[in-house]
Amino acid sequence: QVQLVESGGGLVQAGDSLRLSCAASGRSVSRYGMGWFRQAPGKEREFVAAISWSGSNTYSPDSLKGRFTISRDNVKNTMYLQIDILKPEDTAVYFCAADSRPYYSGTYEYFASTSKYDYWGQGTQVTVSS
């Protein structure tokens with residue numbers, strides 16, 4: 001089993017930056033794609049970014065490119081999400097997730113779907129004040 005724990009969220013001002021972390025335990029996730037999603041109150045869970053097992057491929061919606069950067073450190077069994085120039089509309093609970101299809105680089109459509117992920121963290125709250 002894989003356990004995922006997010007950290008790094010908090011209350012920030014518009015224009016600030018944050019780096020979220022997703023630490024995996026239980027077993028290595030180095031063979032699996034991983035992703036970040038977010039969910040604002042009253043809204044559906046939204047795809048933010050994903051990264052292939054090797055880190056060579058990353059995916060994110062066009063609307064978020066430029067401010068959101070996903071990365072991973074397979075030695076540390078950890079994934080990161082750098083968020084720059086935070087906006088009030090970025091306020092949400094941010095979840096990390098891991099696939100269980102080994103060595104699959106994927107496609108945008110694959111990693112953007114919540115149904116493709118087998119493991120989820122509990123989420124970390126990000127609140128951006130204006």
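Please read all numbers here as calculations on a predicted model, not as lab measurements. Atoms considered below: every heavy atom in the structure, side chains included; atoms not considered: hydrogens, waters and symmetry mates.
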Q) Are L64 and M34 connected in the hydrophobic side-chain network, where two residues link if heavy atoms are under 4.5 Å apart? A) yes
Q.
Any side-chain to backbone donor/acceptor pair from R19 onto Q82? Under 3.5 Å, distance only.
A. no
Q: Enter the distance from D99:CG to R101:CZ here, rounded to the nearest 0.5 Å.
A: 7.5 Å
(Q) Less than 4.0 angstrom from a charged side-chain N to a carboxylate O is my criterion; do D90 and K87 meet it? (A) no
(Q) Working to the nearest 0.5 angstrom, can you tell me the gap between F47 CZ and K116 NZ? (A) 13.5 Å
Q) How many angstroms lie between CG in L81 and OG in S71, if you round to the nearest 0.5 Å? A) 8.5 Å
Q. Would a 4.5 Å heavy-atom cut-off, applied to side chains only, mark L86 and L18 as touching?
A. yes
Q) Are any non-hydrogen side-chain atoms of S60 and F68 less than 4.5 angstrom apart? A) no
Q: With rounding to the nearest 0.5 Å, note down the distance linking CG in D16 to CD1 in I85.
A: 11.0 Å
Q. What pair of heavy atoms forms the shortest contact from P88 to S130, and how long is it?
A. CG-CB, 3.8 Å
**Q.** Check: C22 main-chain N/O paired with E6 side-chain donor or acceptor under 3.5 Å
**A.** no
Q: Could you grab the distance from atom CD of Q39 to atom CD of E46, nearest 0.5 Å is fine?
A: 10.0 Å
(Q) With a 6.0 Å cut-off on the ring centroids, do Y32 and Y104 count as close? (A) no
Q: Taking all heavy atoms of L20 and all of G9, pick out the closest pair and write down the distance.
A: CD2-N, 3.6 Å
Q: Give the intermediate values and the outcome of side-chain hydrogen bond (donor to acceptor under 3.5 Å, both in side chains) for residues T91 and E89.
A: CA-CA 5 Å; T91 295; E89 51 264 42; over 6 Å; no
(Q) Any heavy-atom pair between the side chains of Y59 and I51 that's under 4.5 Å? (A) no
Q. Counting only N and O atoms by type, is there a donor-acceptor contact under 3.5 Å from the side chain of S52 to the main-chain atoms of N57?
A. yes
Q) Does a side-chain heavy-atom distance below 4.5 Å link T114 with W120? A) yes
Q) Does the separation of the ring centres of F95 and F37 fall below 6.0 angstrom? A) no
Q | Plane angle bin for F111 and Y117 - parallel if under 30°, tilted between 30 and 60°, otherwise perpendicular | A | tilted
Q. Would you say V93 and Q122 make side-chain contact, with heavy atoms under 4.5 Å?
A. no
Q | Atom of N77, atom of S30 and distance for their closest heavy-atom approach | A | OD1-N, 4.1 Å
Q.
I'd like to know if the side chain of T78 and the backbone of K76 have a donor-acceptor N/O pair within less than 3.5 Å.
A. yes
**Q.** Whether D118 side chain and S100 backbone form a donor-acceptor pair below 3.5 Å
**A.** yes
Q.
Measuring only between side-chain heavy atoms, which start at C-beta, is R27 closer than 4.5 Å to Q1?
A. no
(Q) Pair C96, M79 - check side-chain contact (heavy atoms from CB on, under 4.5 Å), show working. (A) CA-CA 8 Å; C96 68; M79 176 180 65; 3.6 Å; yes
(Q) Which residues pass the ring pair (Phe, Tyr, Trp, His ring centres under 6.0 Å) test with W53, not counting sequence neighbours? (A) Y103
Q) Could R38 and Y94 be counted as a cation-pi pair, given that NZ or CZ must be under 6.0 Å from the ring centre and within 45° of the axis? A) no
Q) Are the side chains of Q125 and L11 in touch, meaning some heavy atoms are under 4.5 Å apart? A) no
**Q.** Inter-residue atom distance R72.CZ - T58.OG1, 0.5 Å rounding
**A.** 12.0 Å
